[in-house]
Enquirer: 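Dumping the structure here so I can ask a few things about it.
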There are 2 protein chains.
Amino acid sequence: MDTRALSVFLSVAETLNFSRSGQALHMSVSAVSRTVARLEQEVGQPLFERDRRRVTLTRAGNEFREYARRSLADWQQLQRKLGSGGELAGEVSLYCSVTATYTLLAPILAALRGTHPSLEIMMHTGDQADGIGRVLEGQDDLAVTICPLNVPPRLEYLPLVESPLQFCMPASNCQVRERVLASQDDGRIDWEALPLIVPERGTTKELLDDWLRERDVRPQIYAQVAGHEAIVAMVSLGLGIGIAPQLVIESSGLGSGVDTISLEQGLPSLSIGLAALRQRLASPLVRALWEVAGQTYPDPV
Amino acid sequence: MDTRALSVFLSVAETLNFSRSGQALHMSVSAVSRTVARLEQEVGQPLFERDRRRVTLTRAGNEFREYARRSLADWQQLQRKLGSGGELAGEVSLYCSVTATYTLLAPILAALRGTHPSLEIMMHTGDQADGIGRVLEGQDDLAVTICPLNVPPRLEYLPLVESPLQFCMPASNCQVRERVLASQDDGRIDWEALPLIVPERGTTKELLDDWLRERDVRPQIYAQVAGHEAIVAMVSLGLGIGIAPQLVIESSGLGSGVDTISLEQGLPSLSIGLAALRQRLASPLVRALWEVAGQTYPDPV
DNA sequence: TCTTTAATAGCGTTTTACGCAAGCGAAGTA
DNA sequence: TACTTCGCTTGCGTAAAACGCTATTAAAGA
């Protein structure tokens, strides 16, 4: 009888649909099914009536729903009471890229100051690609990161914004820019003739690799760089064309130094959000930041 | 945040001693320690103050204690409500030996009829030695059994009574009886000369094997039999000497047919009690029987 | 009859919990 | 001062639980 199971039950009791609850809770249908089954075994009676097409609450299920609501509310109340009333032993550590600091994070931290003034943030900045690793290893509680292709199971991911991955080129006239414009006139860009500045590792590198492989392009790599900001900086210096999330290009101090390259079949769009270990999310401090973030960027569809 | 952890916390909050709570809860000190540590992480603050010699509740710990009491009471209330109010889908199945039926079990079932009239028991009888296996395999919810030498981790054991393991011999005059009496006059029984009727398997067999091995005795096995009742029956027929818990000897219809053999260093005493899978104990029906049994035989020390 | 939808069951893998034993600091003892 | 005891924590290996993927089953709709 743990609170997690109660949440699952409440979700199913609301949607009356195991699959939809699974999606909402970021877990598989079978996990939902078995969580409910366990609960039913523990209670000793079926909570839902399944007639193969429709799910309804049994009488016991209704009773249990009341209980679950109360119980969960009690728990949340206690969390609030102790979370703010107590002397807040620790702080929350957060890893993010420089860009995230003043684009994504600023409004979250502003809101947080209002709702949880006693919560202290220890921020570490670096290449966005390292975020997942640092969270998994427990170095940081949270990371702003691009949604990885496969979210590891012990990780929770909260999408905040979408930003398309973009190719970009120097804005000032230079050899690279001229060659891009020339090949655009031809209708197709000759990637193999252009120096490309790519991420050293991370999701964007993987996406780029896929994109190139699909088109059977073997580009001429000018440099592999850690951090999208650094890529944009190098592009603005005219060293080559690069790749970065639009968000980074726009908000780099060098925004005017680079132009995006528009393509018919562009690169995929990225989901950027928060990542944390499930385990750590049990902590009220971490969860506080998590929830404020979710409220600051509602429904990033 | 599950109810099990709350129980552990409440116990420690009461004893203010991790080791003692561990004993009371039938778990190791380290398990208690880590359960509390998990709880503290989840709450976000320490619940106990440990100054290496003494354990005290912190302010947060006191708050949490209130919450834990309430929460657990709610849960138990719900269990009662649904456990008795509902239409009790299943019944509880119980495995035991014939002897247990009318010695141990009778008062428990009588009490149960009073407190839980709607609870139905499906009883299976057979060799006591099979009880643990049947519970582990989920064939029965509960078994009356001799406490195994090593209790498997997913099993919960509730001691009810103690009964010494005894050697016994035919009560009527016969060759076997005479030989026992004769060797008792010599001061030492010559085990190797006497036909021995032993359990086929189970805890009593293991205890007997140990006892014989310690004394470097290689007995003459007349028969290996399943079920202590059958052993007593064979002994009463004069086929040899046997071994069984005193309880079985006394309450066998053949009580007058066998005599116990008193020894200086007798066989160890057995703990006889109820066994169930931890998992199954979450069910209110199973727990009902469990608790009534515990109340019927309080403190079997 | 075939397809679609939705829950459950089997199987292999990951994650979590546990027991044991070692560690370690403070208090008691010789 | 050195040694022992007490009691909580920690590292490590193992056992159990939970999960995701995939197959299965069953009902409803085309």
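Letters A, B, ... are given to chains in the order of the sequence lines, protein chains preceding strands, and every chain is numbered from 1.
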Enquirer: Considering every strand and a 4.0 Å limit on heavy-atom distances, what is the contact class for Val32(A): base, sugar-phosphate, or nothing?
Expert: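 Since no nucleic acid heavy atom lies under 4.0 Å of Val32(A), the category is nothing.
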Enquirer: Under 4.0 Å between a side-chain N or O of Ser33(A) and OP1 or OP2 of dA7(C)?
Expert: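 The answer is no; no side-chain N or O of Ser33(A) sits under 4.0 Å from OP1 or OP2.
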Enquirer: Would you kindly say whether Ser271(A) and Tyr157(A) are connected by a side-chain donor-acceptor distance under 3.5 Å?
Expert: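 Yes, Tyr157(A) and Ser271(A) have a side-chain donor paired with an acceptor closer than 3.5 Å.
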Enquirer: Does Thr35(B) place a side-chain N or O at less than 4.0 Å from the phosphate oxygens OP1/OP2 of dC18(C)?
Expert: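 Answer yes for this pair, as a side-chain N or O of Thr35(B) is under 4.0 Å from OP1 or OP2.
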Enquirer: Report which part of the nucleic acid Ser19(A) touches: base, sugar-phosphate, or nothing (heavy-atom distance under 4.0 Å, all strands).
Expert: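 Here Ser19(A) touches the backbone only, sparing every base.
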Enquirer: Rounding to an integer number of Å, can you tell me how far Met27(B) CE sits from dA16(D) P?
Expert: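 Rounded to whole Å, this separation is 16 Å.
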Enquirer: Do you see a donor-acceptor pair shorter than 3.5 Å between the side chains of Thr58(A) and Gln45(A)?
Expert: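 On atom types as modelled, these side chains do not qualify, holding no pair under 3.5 Å.
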Enquirer: Ignoring backbone atoms, test whether Asn17(B) places a side-chain nitrogen or oxygen under 4.0 Å from the OP1 or OP2 oxygen of dC8(D).
Expert: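 Yes.
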Enquirer: Decide if atom CD of Glu14(A) counts as having more than 12 heavy atoms of other residues, nucleotides or ligands within a radius under 6.0 Å.
Expert: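 At most 12 heavy atoms, drawn from other residues, nucleotides or ligands, come within 6.0 Å of this atom.
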Enquirer: Quiz question: going by heavy-atom distance under 3.5 Å, is there a donor-acceptor pair between the base of dC8(D) and the side chain of Ser30(B)?
Expert: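 No pair found.
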Enquirer: Take the protein atom CG of Leu25(A) and the nucleotide atom P of dG20(D), then report the distance between them rounded to whole Å.
Expert: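 Taking CG of Leu25(A) and P of dG20(D), I get 11 Å after rounding.
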Enquirer: Looking only at side chains, do Thr145(B) and Gln128(B) share a donor and an acceptor under 3.5 Å apart?
Expert: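 Yes, Gln128(B) and Thr145(B) have a side-chain donor paired with an acceptor closer than 3.5 Å.
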Enquirer: In whole Å, I'd like the distance from the CG atom of Leu277(A) to the P atom of dT16(C).
Expert: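 Answer to the nearest Å: 9 Å.
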Enquirer: So, does Arg154(A) get its side chain near the phosphate of dT14(C), meaning an N or O under 4.0 Å from OP1 or OP2?
Expert: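 Checking dT14(C) against Arg154(A), no side-chain N or O comes under 4.0 Å of OP1 or OP2.
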Enquirer: In whole Å, what is the span from the CE atom of Met1(B) to the P atom of dA17(C)?
Expert: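 Roughly 13 Å, once rounded to whole Å.
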Enquirer: Starting from the 5' end of DNA chain D, give me the residue, Leu16(B) or Arg34(B), whose nearest nucleotide shows up first.
Expert: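 Upstream on the strand: Leu16(B).
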Enquirer: Please work out if Asp51(B) contacts a base, only the sugar-phosphate, or nothing of the nucleic acid, heavy-atom cut-off 4.0 Å.
Expert: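 Touches nothing.
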Enquirer: Could you check which of dA7(C), dA18(D), dA17(C) has an atom nearest any side-chain atom of Arg38(B)?
Expert: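 Output: dA17(C).
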